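Below, all heavy atoms of this structure are taken into account, side chains as well, without hydrogens, waters or symmetry copies. The shown structure was predicted, so the numbers you read here are calculated from the model rather than taken from an experiment. First listed ligand is number 1; within each ligand, the first listed atom is number 1.
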Amino acid sequence: MRAVVFEDVGRPGIQDRTVPAVGADEVLVQVVATGICGTDRAILLGEFPARRGVVLGHEAVGAVTAVGAGVRSVAPGDRVVINPTYHCDRCRPCRRGMPAHCGAKAGREIGVDRDGTMAEFAVAPERFVHRLPAAVPYRRGTLVEPLACVLNNLRAARLRWDDRVLVLGAGPIGALCALVLARRGARVTLAERDQGRLALARLLLPRAVQVLAAEEVTGAGRADAVIDTTGTLPGDVLGAVAPGGTVVVMGEKEAGVATLPLRALVTGGIRLVGAGPYRPADFELAVDLARDLPLEGLVTHVLPLERYAEALAMLAVTPAGPGRSDGAAGYSAMKVLLATDDGLAP
Ligand SMILES: [Zn+2]
Ligand SMILES: [Zn+2]
């Protein structure tokens, strides 16, 4: 089978791999499409550590083609989405009800240190394979995983119904935050530095979302909650937070460092929180909410696997090697999917 592989920093490649074997409690999925994520991008830019030679990708939908002898919940032919955030259920964090912080993740992160889904087939343990509801087409299903991230981070913000929310970064994660919040009737502002992404956000999001260039934010009034999806937490962020407000930090760049004025944090009574990875229940909720959320509106491009380099270039990853990812990077897409030959027939 063909697979898109992380050969080295700045060097993705397409390789021929054997179709993975299926263990007793595992499911073999013929991948229909995988969304390209900020994490894939960060791996290729050298900003997120990953194993060289790993098959990239973790936001996948597809059809079950084979199951192990012990599998009961899915069968060949089922349309499914894979939860790529594995946990062991045995370590101390897992037993204390914090599977998102599982201590046994090393070697188990799909598309990072274990082969991912930018391939024609992928294998996953049964308990991380979810059937897609009939109302969720494949194209929409690819956004279930990012939606789980978003739900987890919005929960960490402990929002009140009358909160004003500022989302920093209009990539797919920021746009999904805004989409979910707008659906809930929240007053939401989305801020972005990259001109391409700014234009796409204005085009793709409902009118209820206020979309601003990052430099316009200061005049927009203070927010009760700020969700930073940029991974760079700007030093002046506290100026945008109302007293008693919350800042949720997303983004997992290894070298991400922020400098904040502590007095503003203390006198403002501001809560600064990292939500961590999503829990299994967030993923199940995302599968369910996807029935009613038109997530596929954020998909701007669908390309076959072979055109991975073109797809990455739209997301400001060029073969030249590590580049800027701190804004003004030159995006020309919102969500890009890599699809297998069968494309995205529902
Ligand atoms: Zn992702
Ligand atoms: Zn664990």
Side-chain angles (χ1 to χ4, degrees), residues 4 6 12 25 31 33-45 47-50 54-62 81-119 122 124-125 127-128 130 139-154 169 171-177 179-180 227 229-231 250-254 275-283 286-287 290 295-296 298-299 308 311-312 315 317 325 331 333-338:
V4 177
F6 169 58
D25 65 342
V31 179
T34 295
I36 303 180
C37 171
T39 305
D40 304 309
R41 185 174 182 277
I43 288 171
L44 288 164
L45 293 175
E47 295 173 345
F48 189 96
V54 80
V55 176
L56 288 164
H58 57 271
E59 302 177 353
V61 291
V81 57
I82 298 172
N83 175 353
T85 304
Y86 292 179
H87 61 274
C88 75
D89 265 344
R90 294 189 178 89
C91 69
R92 187 164 186 269
C94 277
R95 284 187 287 111
R96 296 184 80 213
M98 301 192 299
H101 298 280
C102 175
K105 276 193 178 166
R108 292 171 173 228
E109 286 196 80
I110 289 190
V112 176
D113 52 18
R114 170 188 180 131
D115 280 343
T117 63
M118 287 182 190
R127 63 200 182 105
F128 299 108
H130 298 258
R139 186 181 280 252
R140 184 185 299 184
T142 59
L143 282 141
V144 163
E145 197 270 349
L147 178 62
C149 293
V150 161
L151 295 174
N152 178 47
N153 281 270
L154 295 181
I173 292 287
L176 278 174
C177 283
L179 198 65
V180 172
I227 317 283
T229 73
T230 67
M250 297 180 73
E252 299 192 37
K253 284 184 190 134
E254 242 198 336
Y278 54 81
R279 311 165 191 184
D282 295 317
F283 198 90
V287 172
L295 308 170
E296 65 274 27
L298 298 180
V299 175
Y308 66 92
L312 289 164
L315 300 170
V317 183
S325 62
Y331 288 90
M334 185 61 83
K335 195 65 178 179
V336 183
L337 308 182
L338 287 179

- Does some side-chain heavy atom of M118 sit less than 4.5 Å from a side-chain heavy atom of D40? yes
- Note on the structure: Here the Zn ion (ligand 2) sees protein N, O or S atoms within less than 2.8 Å, and their number is 4
- Okay, side chain of N152, backbone of C149: is any donor-acceptor separation there less than 3.5 Å? no
- Message: Is the ring pair Y86/F128 parallel, tilted or perpendicular, if the boundaries are 30 and 60 degrees?
- Response: parallel
- Matching residue for H58 among T85, I110, V112 - test: side chain to side chain contact (heavy atoms under 4.5 Å, CB included): I110
- Message: What I'd like to find out is whether the side chain of T34 reaches to under 4.5 Å of the side chain of L337, using heavy atoms alone.
- Response: no
- Query: Mind checking whether C177 and N153 have side chains closer than 4.5 Å, heavy atoms only?
  - Reply: no
- About how large, to 10 degrees, is the angle OE2 of E59, then the Zn ion (ligand 1), then NE2 of H58? 110°
